[in-house]
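Note sheet for the following structure.
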Amino acid sequence: MKIMKFGGTSVGKPERMHQVAQLITKDDEQKIVVLSALSGTTNALVGIGDALSKNDKEAAKQQIEKLQAHYNNFIKELVKQPASLEKAKAIIAEHFEFLNIILKISFNEALNKDILAQGELLSTKLFCVYLEEQGIAHHLLPALDFMSIDSNDEPQIGSIKVKLAQILKQHATTPLFVTQGYICRNARGEVDNLKRGGSDYSASLIAAAATATACEIWTDIDGMHNNDPRVVKKTLPIEQLSFDEAAELAYFGAKILHPASIWPAQHYNIPVKLLNTMQPDAKGTLIVEEAATKGVKAIAAKDGIIAIKVKSSRMLLAYGFLRKIFEVFEKYRTPIDMITTSEVAVSLTIDSNMHLAEILKELEPFGTVEAEDNQAIISIVGNELATTENLLSRLFDALKPVPVRMVSYGGSPHNVSILIPADQKTTTLQLLNKGLFNLD
Ligand code: ASP
Ligand code: MG
């Protein structure tokens with residue numbers, strides 16, 4: 001069993017969907033194909049939810065109509081036979097009728113999740129109409145029948161495994177399954193999701209649950225690159241990464257993969273391949289247990305970082321101080337990304353300002369508290385960095401003109417992170433591309 005996940009741009013145009021159908025029928029291995037919503041759809045659905053949350057029904061209605069028109073155009077090119085077109089029209093009508101009913105009832109968060117789920121439901125159902133027209137045997141697996149999260153929003157891998165196995169057993173001879181990424185049920189049994197970009201996570205969870213031979217993530221770029229192609233001119237795809245390296249890169253800003261999607265594959269030791277739908281023969285990136293080589297592999301940047309510093313002479317020789325500080329972040333469910341300490345101060349970073357005011361207030365009793373937003377974390381990721389010759393000297397040579405505010409080294413053998421003002425990000429990524437990879 002192999003898992004193949006296709007992102008929004010890979011299914012965003014009728015001709016791309018046709019190409020996906022070709023890619024999934026290239027070999028005979030049994031497959032579960034996981035699809036995202038067509039590109040732009042989830043953003044549009046977020047917009048509709050936002051308008052409704054502000055009770056702006058007129059704006060929501062307009063956005064629904066615009067989206068429906070997009071789908072009605074899409075199917076004209078997707079299928080040819082009148083009977084298929086009718087089926088596709090009926091699917092669109094059903095889902096947009098649902099959105100129009102929501103317009104009439106009072107909005108709440110659970111309903112918002114239902115709205116967000118329409119994208120993946122539409123893409124998978126329409127794709128199946130095309131497969132049927134092409135005579136490609138398949139079965140649509142509703143993700144809501146097996147994908148679930150608990151009350152902490154964590155996927156319930158045990159239950160996913162049991163449920164998926166039961167369903168697959170009923171269709172043992174089916175060569176091809178199609179399912180939705182992103183959507184799931186929560187602990188209350190309501191429709192929920194795995195957060196933005198969550199289809200990768202779905203694919204990895206399904207790969208783990210089905211002990212797949214591989215989890216292929218198909219996007220519009222030929223694998224993970226050594227630097228951000230939107231910021232620096234020359235970047236190169238990375239052939240092989242270890243799970244640990246890939247997790248650091250995904251977490252610290254490489255947009256190609258949802259950060260949580262590494263752990264299920266890693267835990268069940270399932271190779272992950274990042275491949276390009278537009279260039280299916282390109283090597284892409286293979287993510288496995290072992291790193292191929294030693295040394296620096298890539299640089300990634302994460303914006304929107306807030307630095308918080310707590311300074312207190314009471315910290316001197318005290319124990320339990322850090323625990324008390326961490327408890328504040330735990331209370332507000334705010335993850336800490338980076339941390340550095342001196343004997344009298346601790347600096348740390350977070351990437352959400354959702355509870356910033358409360359956090360700062362609760363930190364006040366511990367000392368002088370300073371917060372600064374508009375920071376960026378630059379992560380240098382690789383294998384056995386500590387024993388890589390001259391790494392630190394090359395790194396700091398390249399960083400000479402940059403006002404580095406924090407440095408985190410030694411937390412893992414795979415990562416050195418620095419904190420800089422966000423307006424220095426472009427320059428820093430360029431300087432490091434030259435200094436560490438000798439690329440412009
Ligand atoms: N459609 C969802 C999103 O745009 C999930 C995904 O594509 O991975 O975030
Ligand atoms: Mg994505």
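Counting starts at 1 for both ligands and their atoms, following the listed order.
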Practice task
Please work out whether the ring planes of His267 and Trp263 are parallel, tilted or perpendicular, with thresholds of 30° and 60°.
Solution key: perpendicular

Fill in the blank from the handout: Quick look: Glu120 vs ligand 1, heavy-atom contacts under 4.0 Å, and the answer is side chain

Practice task
Quick one: sort the Phe177 and His171 rings into parallel, tilted or perpendicular, breaks at 30° and 60°.
Solution key: perpendicular

Handout entry: For atom 7 (O) of ligand 1, closest protein heavy-atom neighbour
Key = Ser36 OG, 3.0 Å

Problem - Proximity flag Gly197 to ligand 1, non-hydrogen atoms under 4.0 Å - result: yes

Problem - Asp153: partners by side-chain contact (heavy atoms from CB on, under 4.5 Å), with sequence neighbours left out - result: Ile149, Lys195

Practice task
Walk me through it: do Asp192 and Arg185 pass the test side-chain contact (heavy atoms from CB on, under 4.5 Å)?
Solution key: CA-CA 5 Å; Asp192 210 316; Arg185 284 196 190 276; over 6 Å; no

Exercise for the section: Return yes or no for this condition: an N or O of Arg196 is under 3.5 Å from an N or O of ligand 1. Expected result: yes

Handout entry: Polar proximity ligand 1 side, Lys5 side, N/O cut 3.5 Å exclusive
Key = no

Handout entry: Under 3.5 Å: donor-acceptor pair, side chain of Thr41, backbone of Leu38
Key = yes

Practice task
Check whether any heavy atom of Gly198 sits under 4.0 Å from an atom of ligand 1.
Solution key: yes

Exercise for the section: Using the side chain to side chain contact (heavy atoms under 4.5 Å, CB included) rule, pick out the option among Ile418, Ile420, Leu431 that qualifies with Leu399. Expected result: Ile418

Completion exercise
shortest atom 6 (C) of ligand 1-to-protein heavy-atom contact is with Ser199 OG, 3.3 Å

